[in-house]
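These notes are about the structure you will find just below.
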Protein chains: 2
Amino acid sequence: MSTARERIVDALERVLIEEGPAAATLEHVAEGAGVSKGGLLYHFGSKEALFEGLLGRLTDSSQDPAPATDARGAITEYLRLSMVADDAFSTTLLAALRLVGAPGVDVPAALSAASEQWFEQVRPHIADPVTARLIQLVGDGLYLNALISAPASPHDDAVIARLLGEVEPH
Amino acid sequence: MSTARERIVDALERVLIEEGPAAATLEHVAEGAGVSKGGLLYHFGSKEALFEGLLGRLTDSSQDPAPATDARGAITEYLRLSMVADDAFSTTLLAALRLVGAPGVDVPAALSAASEQWFEQVRPHIADPVTARLIQLVGDGLYLNALISAPASPHDDAVIARLLGEVEPH
DNA sequence: GTCTATAATCGGATAGAC
DNA sequence: GTCTATCCGATTATAGAC
């Protein structure tokens, strides 16, 4: 059974992604979590603290250990998660992206650190640093597309295949 | 001399990028443009209309004709603008990115359309559609990095150089 | 730990003078 | 075209009961 704190952050993510930052009021988030505004404020003493709760989750889940496989597996998983963006980490990340510019919390710093941490799970598998950066940027590009709900391109799979070819030439 | 409407949208962009969406109140934007709240509301009848003013500018500037050069030149310019993000189009685009999720305006649709329009200036120079999509995704990745104020990687130049090599092999 | 008031502030929008 | 004054709803946060 999940704690009230977790349910509240879950609700915050949902509201941010589905209804936007303006809808992320204390009352509305509380309602989504099945508690009252007062109940929410017991767990998070202010709106700022609530947002920091989300950033804390972002930091935590970016440190989740990778299923540690071979290079192809790691890279495929990295890019495919950026593409479909339906796992826990992607959800938290996309929610945090909608918080960029919120007052009192340093969202960019948390996002930079988290995405860097997350990419550290693939980097060891790639010898060439330029190839590594290329793959990271493509992952970031896929997240930007998810942020603006852009449809996937029919060539995305081929792009991933080509990148895989670059780590295991010929 | 710029019109009042233009100065107001200029101020909106500045506030969105430097202080975030929450600071983009009618009064604060009006102050940045050197007019009163009432003055702003004469030009844009509501906050929604103000935001649509920004999206309109995004649509317009994404149709600016490219300086039409060769493939290398077009692609270099495309990626370098995404990287430094200090031109008019990038400023408008980064401001609009902070508006994602705002009520009453379809920011994702405007952003998708604009970024697609913008990329149309390079696509004709690239024969292979997979390479084209790869370059587009890298450009998007660079914009995401600009959105979260992430420092440029020392390998970004090499990434661009490699992509240029893919359109003119050997 | 969770709830129901209530206080205090802020933001969007209207009306009307100039 | 631009301003000031004002209204009204929404939102954050506090106080205190249960």
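These numbers come from the heavy atoms of this one structure, side chains and all, not from hydrogens, waters or symmetry mates. Throughout, a chain's letter reflects where its sequence line sits, starting with A, and its residues are numbered from 1.
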Is any side-chain N of the basic residue among B:R98 and B:E18 closer than 4.0 Å to the acidic one's carboxylate O?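 Salt bridge flag = no for B:E18 with B:R98.
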Can you spot which of A:D86, A:D87, A:D157 makes a salt bridge (charged side-chain N to carboxylate O under 4.0 Å, His left out) with A:R80?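 By the salt bridge (charged side-chain N to carboxylate O under 4.0 Å, His left out) criterion, A:R80 pairs with just one of A:D86, A:D87, A:D157: A:D157.
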I need the [atom1]-[atom2] distance between [X] and [N], as an integer number of Å.
{"X": "A:I8", "N": "C:dG1", "atom1": "CD1", "atom2": "C1'", "result": "11 Å"}
{"X": "A:L40", "N": "D:dT14", "atom1": "CG", "atom2": "C1'", "result": "15 Å"}
{"X": "A:F44", "N": "D:dA13", "atom1": "CZ", "atom2": "P", "result": "14 Å"}

Just wondering, do A:L97 and B:L147 contact through their side chains at under 4.5 Å, heavy atoms?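 Touching, per the 4.5 Å side-chain cut-off.
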Do B:S61 and B:W118 have side-chain heavy atoms sitting under 4.5 Å apart?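 SC-SC contact between B:S61 and B:W118 ruled out.
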Base, sugar-phosphate or nothing for B:S36? Non-hydrogen atoms, less than 4.0 Å.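 Counting heavy atoms under 4.0 Å across all strands, the contact made by B:S36 includes a base.
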Scan A:L26 against the nucleic acid and name what it touches under 4.0 Å (heavy atoms): base, sugar-phosphate only, or nothing.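 Sugar-phosphate contact only - A:L26 comes under 4.0 Å of backbone atoms but never of a base.
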OP1 or OP2 of C:dG1 under 4.0 Å from side-chain N/O of A:Y42: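 So the side-chain polar atoms of A:Y42 do come within 4.0 Å of the phosphate oxygens OP1 or OP2 of C:dG1, strictly under.
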Distance below 4.0 Å between B:H28 side-chain N/O and C:dG11 OP1 or OP2: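 Indeed not, no polar side-chain atom of B:H28 lies that close.
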Could one point to a donor on the side chain of B:K47 or the base of C:dG11 with an acceptor on the other under 3.5 Å away?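 Under the 3.5 Å cut-off, the side chain and the base do not form any donor-acceptor pair.
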I want to verify a distance call: between C:dA13, D:dT11, C:dC3, whose nearest atom is closest to the B:S46 side chain?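 Nearest to the side-chain atoms of B:S46, counting from C-beta on, is C:dA13.
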To the side chain of A:K37, which of D:dT12, C:dG12, D:dT2 is closest?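 The nucleotide sitting nearest to the side chain is D:dT12.
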